[in-house]
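Here's the structure we're looking at; comments come further down.
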Amino acid sequence: MDVGFFHRSAPEVAPDLIGWHLTVRGCGGTVIETEAYTPDDPASHSFRGPTLRNRAMFGMPGCAYVYLSYGLHLCLNVVCLPGHAVLFRALAPDAGMQAMMTRRGSDRKSVLCSGPGKLGQALSLSLADNGRAFDGGEFALLPGMAVGPDRVMRGPRIGLSRGLEAEWRFGLAGTAGLSRPFAPQKKNAHR
DNA sequence: GCACCGATTTGCT
DNA sequence: GCAAATCGGTGCG
């Protein structure tokens, strides 16, 4: 993989990660939904500079930023430029299914990884994973099937009170298991 | 020090 | 549709 891939802004990287393959200790699947966060974005954890919790967001590009959401969910990002990160919101699961079904308490494929918190539970993330590199060891992140730009949907991010203007949520069209549906895409909206 | 708000999910009304 | 679970960060006194 080109090391320069993550040396870009999160809004550039996020759509490019759709269709990649993510695994954590043998469990995972195809990336079907992502969101981008930047340092000058009021909705981003990095907006007010580094803290103990978000320090990984300012670390090595291509490494993980794992944080505790609402006091109980662990969410996974990949770091891009300093203060930039892409949140993995949903996967189409295909590896380590048995373990993920057990952890999620369901055998329905479409609900195993259909949200950032669910994904964290299925992959059994922990805060000890914060800062870990996606180097093919415990964490792997590799280009998978090529996805044409026409199959990547975009829209406003989920669960925010600020930063709703930017359409920095991306998803693979025609996929089951998204965290939420996307609004109908405008035609002619290239890039 | 204290109250409130989140990059969420689940279960109950 | 709404509240609960639960904790780090932020803002105010």
Side-chain angles (χ1 to χ4, degrees), chain A residues 6 9-18 20 22 24 27 29 31-59 61 63-91 93 100-132 134 139 141 153-172 176-183:
Chain A
F6 293 104
S9 74
E12 289 179 281
V13 175
D16 288 354
L17 283 174
I18 300 296
W20 280 46
L22 167 68
V24 169
C27 292
V31 177
I32 59 172
E33 185 181 340
T34 59
E35 276 181 1
Y37 291 87
T38 71
D40 54 0
D41 160 22
S44 174
H45 290 170
S46 58
F47 184 57
R48 289 164 227 284
T51 66
L52 217 55
R53 174 213 219 185
N54 71 12
R55 61 188 162 69
M57 262 186 105
F58 296 88
C63 287
Y65 165 46
V66 177
Y67 71 93
L68 187 62
S69 176
Y70 287 88
L72 68 158
H73 303 292
L74 290 160
C75 299
L76 177 65
N77 299 252
V78 59
V79 177
C80 304
L81 291 174
H84 291 246
V86 174
L87 171 68
F88 294 108
R89 289 190 60 90
L91 307 177
M100 293 197 291
M101 291 188 291
T102 301
R103 292 164 182 161
R104 289 281 302 126
S106 170
D107 57 3
R108 290 182 47 208
K109 206 171 169 181
S110 63
V111 302
L112 289 187
C113 303
S114 56
K118 299 176 186 177
L119 186 156
Q121 184 182 28
L123 271 44
S124 192
L125 296 174
S126 84
L127 285 178
D129 292 317
N130 193 29
R132 192 184 297 285
F134 287 92
F139 283 19
L141 182 55
M153 302 180 289
R154 68 182 302 159
R157 293 170 295 177
I158 304 289
L160 307 183
S161 61
R162 289 182 298 175
L164 294 174
E165 327 77 41
E167 299 203 322
W168 286 348
R169 174 178 176 239
F170 304 91
L172 181 57
L178 294 173
S179 68
R180 300 204 48 127
F182 278 77

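Below, read A as the first sequence line, B as the second, and so on, with proteins coming before strands; counting in each chain starts at 1.
Distance noted for atom C1' between B:dT10 and C:dG8: 22 Å (whole Å). Across the P atoms, B:dG1 and C:dT6 are found 23 Å apart, a figure rounded to whole Å.
A:Asn130 meets the side chain to side chain donor-acceptor pair (under 3.5 Å) test with no other residue; sequence neighbours excluded. The side chain to side chain contact (heavy atoms under 4.5 Å, CB included) check on A:Leu68 picks up A:Leu74, with sequence neighbours excluded. A:Thr51 meets the side chain to side chain contact (heavy atoms under 4.5 Å, CB included) test with A:Arg53, A:Asn54; sequence neighbours excluded. Evaluation of the side chain to side chain contact (heavy atoms under 4.5 Å, CB included) rule for A:Leu72 yields A:Tyr70 as partners, not counting sequence neighbours. Under the ring-ring contact (aromatic ring centres under 6.0 Å, His included) criterion, A:Tyr67 pairs with A:His45, A:Tyr65, sequence neighbours left out. Partners of A:Glu12 by side chain to side chain donor-acceptor pair (under 3.5 Å), not counting sequence neighbours, listed by chain and number: A:Ser9.
Within the model, atoms SG of A:Cys63 and CZ of A:Phe134 stand 8.5 Å from one another, a figure rounded to the nearest 0.5 Å.
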#### Entry: Intra- and inter-strand pairs of DNA chain B in dot-bracket (Watson-Crick or G-U wobble, both distances under 3.5 Å; | for another strand)
||||||.|||||.
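Protein chain A contacts DNA chain C from C:dA5 to C:dG11, reading 5' to 3' and using non-hydrogen atoms of the protein with a distance under 4.0 Å.
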### Query
How far apart are the C-alpha atoms of A:Glu35 and A:Leu160, what are their side-chain angles, what is the distance that settles it, and do they pass the side-chain contact (heavy atoms from CB on, under 4.5 Å) test?
CA-CA 12 Å; A:Glu35 276 181 1; A:Leu160 307 183; 5.6 Å; no
Protein-nucleic acid N or O pairs under 3.5 Å, nucleotides 10-12 of chain B:
| unit_1 | atom_1 | unit_2 | atom_2 | d |
| --- | --- | --- | --- | --- |
| B:dT10 | OP1 | A:Arg104 | NH1 | 2.7 |
| B:dT10 | OP1 | A:Arg104 | NH2 | 3.1 |

Close N/O contacts between protein and nucleotides 1-7 of chain B (under 3.5 Å):
| unit_1 | atom_1 | unit_2 | atom_2 | d |
| --- | --- | --- | --- | --- |
| B:dG6 | OP1 | A:Ser161 | OG | 2.8 |
| B:dA7 | OP1 | A:His45 | NE2 | 3.3 |
| B:dA7 | O4' | A:Tyr37 | OH | 3.2 |
| B:dA7 | N7 | A:Ala43 | O | 3.4 |
| B:dA7 | N7 | A:His45 | NE2 | 3.4 |
| B:dA7 | N1 | A:Asn77 | OD1 | 2.6 |
| B:dA7 | N3 | A:Tyr67 | OH | 3.1 |

Residues 107-118 of chain A side chain polar contacts: donor-acceptor under 3.5 Å, at least two apart:
| unit_1 | atom_1 | unit_2 | atom_2 | d |
| --- | --- | --- | --- | --- |
| A:Ser114 | OG | A:Ser110 | O | 3.3 |
| A:Ser114 | OG | A:Lys118 | NZ | 3.2 |

Determine all donor-acceptor pairs shorter than 3.5 Å in which one atom belongs to a side chain in residues 82-91 of chain A; sequence neighbours excluded.
| unit_1 | atom_1 | unit_2 | atom_2 | d |
| --- | --- | --- | --- | --- |
| A:His84 | ND1 | A:Ala10 | N | 3.1 |
| A:Arg89 | NE | A:Glu33 | OE2 | 2.9 |
| A:Arg89 | NE | A:Ser179 | OG | 3.4 |
| A:Arg89 | NH2 | A:Ser179 | OG | 3.1 |

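For the pair A:Asp16 (side chain) and A:Val13 (backbone), a donor-acceptor distance under 3.5 Å is absent. In terms of modelled atom types and a separation under 3.5 Å, the side chain of A:Trp168 and the main chain of A:Leu164 share no donor-acceptor contact.
Within the cation-pi definition used here (under 6.0 Å to the ring centroid, within 45° of the axis), A:Arg154 does not qualify as a partner of A:Phe182.
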